Amino acid sequence: MTRLRVYDDTRALFHLPDGVIYLDGNSLGALPLGVAERVNRVITEEWGNELIRAWNSAGWYVQPRHLGDRIARLIGADAGSVMVGDTLSLKVYQALAAALDMSVSRKVILSDTGNFPTDLYMAEGLIATLGRGHQLRLVAPEEIEHALSEEIAVLYITEVDYRTGRRHDMAKLTAKAHALGIVTVWDLAHSAGALPVDLAGSGADFAAGCTYKYLNAGPGAPAFLYVAPRHADGARAALSGWMGHAKPFAFELAYASAGGVERMRVGTPPVLAMAALEASLDIWDKVDIKEVRARSLALGDLLIGEVERRCPQLKLVTPRDHERRGSQVSFAFAGGYAAMQALIARGVVGDFRAPDIMRFGLTPLYIGEGEIVRAAEIVEEVISGEVWRRPEYQVVHAVT
């Protein structure tokens, strides 16, 4: 297979509007050009001509496992250990529920204050549903290692902090957790497609992630769930949907789990969304994630240097250390929301996270050094010229 050179070859495989420097791929990836053709083919040929037969003839039924194997390569997982479908919220719920069942005598779920809120909300909801006396304990991200103890049932964290880009050491934390009898659940929302992940090598128990960020599968694209092979035949499927049944088309009245990771299927897979994911993964099949990571770090260093030189008013909150950084650069600024709106109006698309974080996602498949330098120039115009103070940029939209 011919390898694609990151940016030199891959930039031409995406649609990006003229005049836009897109630095928000950490929230929603850009559109791969192959998606429209692939989805149209599913609609017109498979759905249109095959109708319900396409579940067999076009392979719709096996899509979740097939796509899981393609994602497995990007996250250091074994074939047959990743299932695609549903949303990230549902997948972290499934993972956490299975993890808690593996540690019934312990009642503490340990997470950090940098975890994405939906993960925490799902944990709270699961605790209330189970009614078994569990508690969710939160500490600062840098205190996670010291907070591990034999009291903890599950370590439940996102590898890369969605606001700051701070990266946890998966291998180190997993090893320490296991030494204390703790089950691990990792959220890879800001890792998959952004940096090399080694789930099998690190010994992680469970992991989940989305595909609409760095994997560029489109808004609302399905999530994935990893279950370590050693747990796959024993993990309880808390959401026992018919697609996770051992014999879904026998329509038995009692639930019986399928073998392996298949038990983590829930309902009918979103075929059109999975078709978009298939097309986006065609690019990733030809890309070296290590090259993506190297270019991401170089772009990050460039952006940090350019912005700090031009705009000392902005405070860097992303770690400078490469080992501790994801694939984004974030700055704190009191007028951050308005400043970001002014940037977007000038074609530099990043985003804002409360209370004061301006985020810039670094997606090397379609962003290069020239765009980074030009973006920094526009940041300087907006900040130093106090353009952000204009009334039109103070209006808060529903999605920030």
Side-chain angles (χ1 to χ4, degrees), residues 14 22 24-32 35 39 63-77 81-96 111 114-123 156-163 165 167-168 170 185-197 199 204 206-227 239 261 264-267 269-281 283-284 289 292 296 326-328 351 353 359 361-363 365 399-400:
F14 291 87
Y22 191 63
D24 207 13
N26 55 325
S27 222
L28 175 66
L31 171 66
V35 166
V39 173
Q63 266 185 318
R65 182 70 168 267
H66 172 65
L67 290 171
D69 284 345
R70 294 178 72 182
I71 290 172
R73 184 184 69 84
L74 297 174
I75 58 175
S81 64
V82 179
M83 183 58 58
V84 172
D86 314 301
T87 67
L88 180 53
S89 296
L90 293 183
K91 289 310 180 196
V92 295
Y93 186 98
Q94 285 181 284
L96 182 57
S111 191
N115 205 350
F116 193 68
T118 194
D119 290 24
L120 305 181
Y121 304 159
M122 297 306 284
Y156 176 63
I157 51 178
T158 299
E159 185 183 18
V160 176
D161 188 307
Y162 76 102
R163 287 176 299 187
R167 182 187 182 190
H168 282 296
M170 179 185 290
V185 176
W186 290 90
D187 184 332
L188 304 180
H190 289 268
S191 303
L195 47 86
V197 179
L199 290 175
F206 298 90
C210 57
T211 63
Y212 52 79
K213 299 181 188 292
Y214 296 98
L215 295 183
N216 309 303
F224 61 85
L225 175 62
Y226 165 81
V227 181
L239 299 175
V261 76
M264 294 304 182
R265 295 181 67 159
V266 183
V271 172
L272 298 182
M274 287 192 171
L277 175 56
E278 282 185 325
S280 71
L281 289 175
I283 299 173
W284 283 104
I289 189 65
V292 172
S296 164
S327 192
Q328 70 185 61
D351 65 12
R353 290 294 178 261
R359 297 196 313 174
L362 304 171
T363 46
L365 295 187
V399 178
T400 62

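This is a predicted model, so every value here is computed, not measured.
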> Stepwise, does the side-chain contact (heavy atoms from CB on, under 4.5 Å) test hold for Y214 with L365?
Replying inline: CA-CA 9 Å; Y214 296 98; L365 295 187; over 6 Å; no
> For the side chain of Q328 and the backbone of G25, is there at least one donor-acceptor N/O pair under 3.5 Å apart?
Replying inline: no
>> How close do A223 and T87 get, counting heavy atoms only, and between which atoms?
In response: CB-C, 3.4 Å
> What are the two closest non-hydrogen atoms of I157 and N115, and how far apart are they?
Replying inline: CA-ND2, 3.8 Å
> Just how far is it from atom CG of L67 to atom CD of E278, taken to the nearest 0.5 Å?
Replying inline: 5.0 Å
>> What I'd like to find out is whether the side chain of P269 reaches to under 4.5 Å of the side chain of R65, using heavy atoms alone.
In response: no
> Which pair of heavy atoms, one from Y212 and one from G218, lies closest together, and at what distance?
Replying inline: CB-O, 3.0 Å
> Does the side chain of S191 come within less than 4.5 Å of M170's, by heavy atoms?
Replying inline: no
>> Would L281 and I71 count as a side-chain contact (heavy atoms from CB on, under 4.5 Å) here? Give the steps.
In response: CA-CA 8 Å; L281 289 175; I71 290 172; 4.1 Å; yes
> Nearest 0.5 Å, what's the NE2-CG distance between H66 and L277?
Replying inline: 9.5 Å
> Donor-acceptor pair, S280 side chain versus L215 backbone, under 3.5 Å?
Replying inline: yes
>> When you compare the side chain of L195 with that of V160, does any pair of heavy atoms fall below 4.5 Å?
In response: yes
> Which class fits the ring pair Y162 and F116: parallel under 30°, tilted 30 to 60°, perpendicular over 60°?
Replying inline: perpendicular
> Do S111 and D119 have side chains that get closer than 4.5 Å, going by heavy atoms?
Replying inline: no
>> Minimum heavy-atom separation for T211 and A221, please, with both atom names.
In response: OG1-CB, 3.1 Å
>> What's the separation between atom CD1 in I75 and atom OG in S81, rounded to the nearest 0.5 Å?
In response: 6.5 Å
>> Return the CG to CG distance between N26 and L362, rounded to the nearest 0.5 Å.
In response: 8.0 Å
> Could you state the interatomic distance from SG (C210) to CG (L188), rounded to the nearest 0.5 Å?
Replying inline: 9.5 Å
> Is the closest side-chain heavy-atom distance between L28 and Y22 below 4.5 Å?
Replying inline: yes
>> Go through it in stages, so that I can follow the logic: the residues are D187 and L88, the test is side-chain contact (heavy atoms from CB on, under 4.5 Å), and I'd like the CA-CA distance, side-chain angles, deciding distance and then a yes or no.
In response: CA-CA 9 Å; D187 184 332; L88 180 53; 3.9 Å; yes
> Just how far is it from atom CG of L239 to atom CZ of R265, taken to the nearest 0.5 Å?
Replying inline: 14.5 Å
>> Does E159 form a side-chain contact (heavy atoms from CB on, under 4.5 Å) with H190? I'd like the steps, not just the answer.
In response: CA-CA 7 Å; E159 185 183 18; H190 289 268; over 6 Å; no
>> Quick check against the 3.5 Å criterion: does K91 have a side-chain atom that pairs as donor or acceptor with the backbone of M264?
In response: yes
>> How close do Q94 and V266 get, counting heavy atoms only, and between which atoms?
In response: NE2-CG2, 3.6 Å
> Which pair of heavy atoms, one from H168 and one from W186, lies closest together, and at what distance?
Replying inline: CB-CZ3, 4.0 Å
